[in-house]
Amino acid sequence: MTEPTSKVIPGSGGATPAGALPDPIPVTPPRSHWRDVWDQFKRHKGALLGGIIFMLIVLAVFLGPFFWSIDASYIDIRARNQGPSLAHPFGTDQLGRDTMARMMAGGQTSVAVGITAMALALVLGSFVGVIAGYFRKLDGPLMRLTDLFLALPLLPLLLVMVMLFRGALNEAFGPETGIFILIVGAIGLTSWMPTARIVRGDVLALKEREFVLAARSIGTTNTKMITRHILPNVMSPIMVSATLGIANAIITESALSFLGLGFPPDFPTWGRLLFDAVDYLQQYPERVIWPGVAISLTVLSVNYLGDGLRDALDPRIRGR
């Protein structure tokens, strides 16, 4: 009797008896784009820590007042200028107002200004960048306009805008809403230029890609080309600009409030708390430390978050 013969099937890794089926090749399930982004983002320890710190700050300032019942505007003259205690963990100010309650109220305003001003700057910058990069005839005028805004001194321009429009907006919307609209508008209108330049550069490269040329060859209109093919592919730099824009807006609002040109004295922000604490710096230095640490931690965490998003969303360095 003869033994059954065996043959080697290429790719099977060994001999397989005649008539037997080879082992199935393992199939790796497809990975989504955002799964790859998350895996790359997790490798950036600073960005991960920055995102956690930023979320904790946002939760503390927006959910903290639900657990801390003291009103930020409540005045108790008998408890003024007190140091940290169980009743007032961050102490009290010169009018007896609880500093921790004012820190949470001020954080709500500062974060709201940062996010809203960032959104305004992002919309303007993305619009100018896409239009300048896609339409050749508009590229020159729009980029010269961008250069003009970049050449303007930011802080003096903001001071002039506040001085010119504060009264009219306060009469139209009230002192708190009016100054909020003014600060957000001033910061947003003077912060869109970096986003416009970044988006324009990406659009110039994208409109020469094969899928864009193919879409143009079948008669796709400019509007559909921009909304369906251009904008989805420039979301990465836009998201990075968004995170960095929040930090820039918070610093700018704090600087205006520190100069006394921001929100009214009875409406706390982190910059306003710094301004009020300057006169008591030697006697009560902790009043400067609390808002200073809050601003620094928020800006630093957002910057690290933006750095991690930039690395995670860039396919050229993903996987390193």
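All residue numbers in this chain count up from 1 along the given sequence.
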Count I, L, V, M, F, W, Y as connected when their side-chain heavy atoms are under 4.5 Å apart, and connections chain through other members. Are [X] and [Y] then in the same cluster?
X: Val302; Y: Leu56; value: no
X: Val61; Y: Met103; value: yes
X: Leu122; Y: Leu150; value: yes
X: Ile198; Y: Leu244; value: no
X: Val123; Y: Tyr134; value: no

Roughly how far apart are [X] [atom1] and [Y] [atom2], rounded to 0.5 Å?
X: Leu256; Y: Ile187; atom1: CG; atom2: CD1; value: 6.0 Å
X: Asp279; Y: Gln282; atom1: CG; atom2: CD; value: 11.0 Å
X: Leu138; Y: Leu145; atom1: CG; atom2: CG; value: 11.5 Å
X: Ile131; Y: Leu142; atom1: CD1; atom2: CG; value: 8.0 Å
X: Thr99; Y: Trp290; atom1: OG1; atom2: CH2; value: 9.5 Å
X: Leu182; Y: Thr177; atom1: CG; atom2: OG1; value: 12.5 Å

Original post:
Sequence neighbours excluded, which residues qualify as salt bridge (charged side-chain N to carboxylate O under 4.0 Å, His left out) partners of Asp307?
Top reply: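 For Asp307 the salt bridge (charged side-chain N to carboxylate O under 4.0 Å, His left out) partners, ignoring immediate neighbours, are Arg310.
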Original post:
Is Asp147 salt-bridged to Arg144, cutoff N-O under 4.0 Å?
Top reply: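 Yes, Asp147 and Arg144 are salt-bridged.
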Subject >> Carboxylate-amine/guanidinium proximity below 4.0 Å for Asp139 and Arg200 >> reply: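 A salt bridge is present here (some side-chain N lies under 4.0 Å from a carboxylate O).
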May I ask you to test the [X]-[Y] pair for a side-chain heavy-atom distance under 4.5 Å?
X: Thr190; Y: Leu158; answer: yes
X: Thr146; Y: Val128; answer: yes
X: Arg80; Y: Leu95; answer: no
X: Val113; Y: Ile250; answer: no
X: Ile52; Y: Met55; answer: no
X: Arg97; Y: His88; answer: no
X: Ile70; Y: Met100; answer: no
X: Ser254; Y: Leu274; answer: no

**OP:** Using a cut-off of 6.0 Å, state whether more than 12 heavy atoms not belonging to Phe267 lie near its atom CZ.
**Re:**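 Check passes, neighbour count above 12.
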Heavy-atom pair with the smallest gap, counting every atom of [X] and [Y]:
X: Ala105; Y: Ala72; answer: CB-CB, 3.9 Å
X: Ser241; Y: Thr195; answer: CB-OG1, 3.5 Å
X: Ser191; Y: Asn248; answer: OG-ND2, 3.5 Å
X: Pro84; Y: Pro89; answer: CB-O, 3.1 Å
X: Ser257; Y: Thr269; answer: OG-OG1, 3.3 Å
X: Arg287; Y: Ala277; answer: CB-CB, 3.6 Å

**OP:** For Arg216 and Asn222, test the side chains for any donor-to-acceptor distance below 3.5 angstrom and give the result as yes or no.
**Re:**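 Arg216 vs Asn222: no donor-acceptor pair found between side chains.
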Original post:
Are Asp98 and Tyr74 linked by a side-chain donor-acceptor pair shorter than 3.5 Å?
Top reply: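 Distance-only check fails for Asp98 and Tyr74.
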Original post:
So, the side chain of Lys207 versus the backbone of Gly133: is there a donor-acceptor pair under 3.5 Å, distance only?
Top reply: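 Side chain of Lys207 to backbone of Gly133, a donor-acceptor pair under 3.5 Å: yes, one is there.
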Subject >> Sidechain-backbone polar pair: Thr243 side chain, Val240 backbone, donor-acceptor under 3.5 Å >> reply: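 At least one qualifying donor-acceptor pair exists.
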Original post:
With sequence neighbours left out, what residues match Ser296 under side-chain hydrogen bond (donor to acceptor under 3.5 Å, both in side chains)?
Top reply: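 For Ser296 there are no side-chain hydrogen bond (donor to acceptor under 3.5 Å, both in side chains) partners, ignoring immediate neighbours.
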For [X], ring-ring contact (aromatic ring centres under 6.0 Å, His included) partners two or more places apart:
X: Phe149; value: Trp192
X: Phe275; value: none
X: Phe54; value: none

**OP:** For the pair Val130 and Leu231, evaluate side chain to side chain contact (heavy atoms under 4.5 Å, CB included) and give the outcome as yes or no after the intermediate values.
**Re:** CA-CA 8 Å; Val130 168; Leu231 275 179; 3.9 Å; yes
**OP:** Would you list the pairs meeting side chain to side chain donor-acceptor pair (under 3.5 Å) in which at least one residue belongs to residues 101-124, sequence neighbours left out?
**Re:**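 Non-adjacent pairs meeting side chain to side chain donor-acceptor pair (under 3.5 Å): Ser110-Glu253.
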Subject >> CA sep, side-chain torsions, deciding dist, call: Asn81, Tyr284, side chain to side chain contact (heavy atoms under 4.5 Å, CB included) >> reply: CA-CA 8 Å; Asn81 294 328; Tyr284 310 102; 3.4 Å; yes
Original post:
Using the ring of each side chain (for Trp, its six-membered ring), is Phe211 parallel, tilted or perpendicular to His229, with breaks at 30° and 60°?
Top reply: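 Aromatic pair Phe211/His229 classed tilted.
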Original post:
Is there a side chain to side chain contact (heavy atoms under 4.5 Å, CB included) between Phe173 and Ile179 once you walk through the steps?
Top reply: CA-CA 9 Å; Phe173 300 99; Ile179 197 64; over 6 Å; no
